[in-house]
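Below is one structure; the comments refer to it alone.
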Amino acid sequence: MTVAATPLTVAVRVKPGASRARVGGRHDGPHGPALVVAVHAPAVDGRATEAVRRALAEALGVRPATVSLRAGAASRDKIFLVERPAAGLSEVLRRLRDGSAG
């Protein structure tokens with residue numbers, strides 16, 4: 001796979017304390033169309049943010065170390081960066097967010 005030099009920016013809407021973890025769906029938030037990520041972890045001491053970072057990495061098929069929080073540490077609306085995204089990763093993100101994963 002070809003690797004892009006520009007980091008991929010991912011807007012995320014967090015649903016902490018969910019009964020089951022899930023990555024998928026769309027929320028039109030302050031950062032534009034955002035990927036919905038539900039996690040078990042509560043919104044306490046950054047636990048939900050860390051759970052979202054790991055869930056996002058898994059859903060995108062990248063190492064967690066390549067995913068970092070850029071904005072929104074204390075908000076449900078967050079911006080994550082994926083360093084060195086593989087070609088086609090933005091399409092995977094679009095399918096997760098817009099529900100056309102097949």
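- Annotation: side chain to side chain contact (heavy atoms under 4.5 Å, CB included) contacts of Pro30 (sequence neighbours excluded): Asp77.
- Across every non-hydrogen atom of Phe80 and Val67, the tightest pair is CD2-CG1, 3.9 Å.
- Counting only distance, with no hydrogens or angles, the side chain of Lys78 and the backbone of Thr49 share no donor-acceptor pair below 3.5 Å.
- For the salt bridge (charged side-chain N to carboxylate O under 4.0 Å, His left out) test, no residue two or more places apart in sequence or in another chain qualifies with Asp45.
- Atom OG1 of Thr6 and atom CZ of Arg84 lie 13.0 Å apart (nearest 0.5 Å).
- Residue pairs meeting the side-chain hydrogen bond (donor to acceptor under 3.5 Å, both in side chains) criterion with at least one member in residues 22-39, sequence neighbours excluded: Arg26-Asp28, Arg26-Asp98.
- For the side-chain contact (heavy atoms from CB on, under 4.5 Å) test with Val12, the passing option among Ile79, Val52, Leu69 is Val52; the others fail.
- Residue Leu89 comes nearest to Leu60 through the heavy atom pair CD1-O, 3.2 Å, listed as atom of the first residue, atom of the second, then distance.
- For Glu50, the salt bridge (charged side-chain N to carboxylate O under 4.0 Å, His left out) partners at least two apart in sequence or on another chain are Arg53, Arg54.
- In plain terms, the two heavy atoms of Leu8 and Ser90 that are nearest each other are CD1-CB, 4.0 Å.
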Output a table of donor-acceptor pairs, distance under 3.5 Å, between side-chain atoms of residues 32-41 and any protein atom two or more places apart or on a different chain; print 'none' if there are none.
residue : atom : partner : partner atom : Å
His40   : ND1  : Ala18   : O            : 3.3
His40   : ND1  : Ser19   : O            : 3.4

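- A 4.5 Å side-chain heavy-atom check between Val10 and Leu81 finds every atom pair outside the cut-off.
- Contacts classified as salt bridge (charged side-chain N to carboxylate O under 4.0 Å, His left out) and involving residues 57-67 (residues at least two apart or in different chains) are not found.
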